[in-house]
Amino acid sequence: GINAEFFFFFFFFFSPAMEPTTGNNRLLEQVDRISKDMGIGATQAGDPGSRGAGDISYIARYVDCIDGLGASGKGAHAPGETIHLKEFPTLIKRAAILIYRLTQSEK
């Protein structure tokens, strides 16, 4: 089988960055608007070159998508990883509002 260390190395260093696209930026604008409406501040895109590898990166150029809607924390995917569980209610509400607004928008 494949060595887990090699797989992680390959996935992390050879995964494509999630490049900004017009459609992805439109989704970001909607998330930003919702965040502001909820009073939790602005939402901005991170630098594609400094973000971690994500599966969504493989399809981001073909379909409108967004990443990074989950809770924050430290030490991702490593022993001692932490997550800020108190953020979940706010993030769940924001995701629900986003889904609702996307289902109501006209194309």
Intermediate values then yes/no, side-chain contact (heavy atoms from CB on, under 4.5 Å), Asp64 and Thr22: CA-CA 8 Å; Asp64 297 346; Thr22 301; over 6 Å; no

Test side chain to side chain contact (heavy atoms under 4.5 Å, CB included), reference Ile66, set Ile56, Leu28, Thr43, output is Leu28

Non-neighbouring partners of Thr21 that pass side chain to side chain contact (heavy atoms under 4.5 Å, CB included), sequence neighbours left out: Asn24

Backbone N or O of Gly73 within a donor-acceptor pair of the Thr82 side chain at under 3.5 Å? no

Excluding sequence neighbours, so at least two apart, what forms salt bridge (Lys or Arg N to Asp or Glu O under 4.0 Å) with Lys36? Asp32

Residues two or more places apart in sequence or in another chain: which of them pass side chain to side chain contact (heavy atoms under 4.5 Å, CB included) with Ile40? Ser35, Met38, Thr90, Arg94

In the hydrophobic clustering that connects Ile, Leu, Val, Met, Phe, Trp and Tyr at side-chain heavy-atom distances below 4.5 Å, which members other than Leu85 occupy its cluster, ordered by chain and number? Ile83, Phe88, Ile92

Can you find a pair of side-chain heavy atoms, one from Leu91 and one from Leu69, that are under 4.5 Å apart? no

Is there a donor-acceptor pair under 3.5 Å between the side chain of Gln30 and the backbone N or O of Leu102? no

Over 12 foreign heavy atoms within 6.0 Å of CD, Gln44: no

Taking only residues two or more places apart in sequence or in another chain, which ones pass side-chain hydrogen bond (donor to acceptor under 3.5 Å, both in side chains) with Arg26? none

Sequence neighbours excluded, the answer for side-chain hydrogen bond (donor to acceptor under 3.5 Å, both in side chains) partners of Glu29 is none

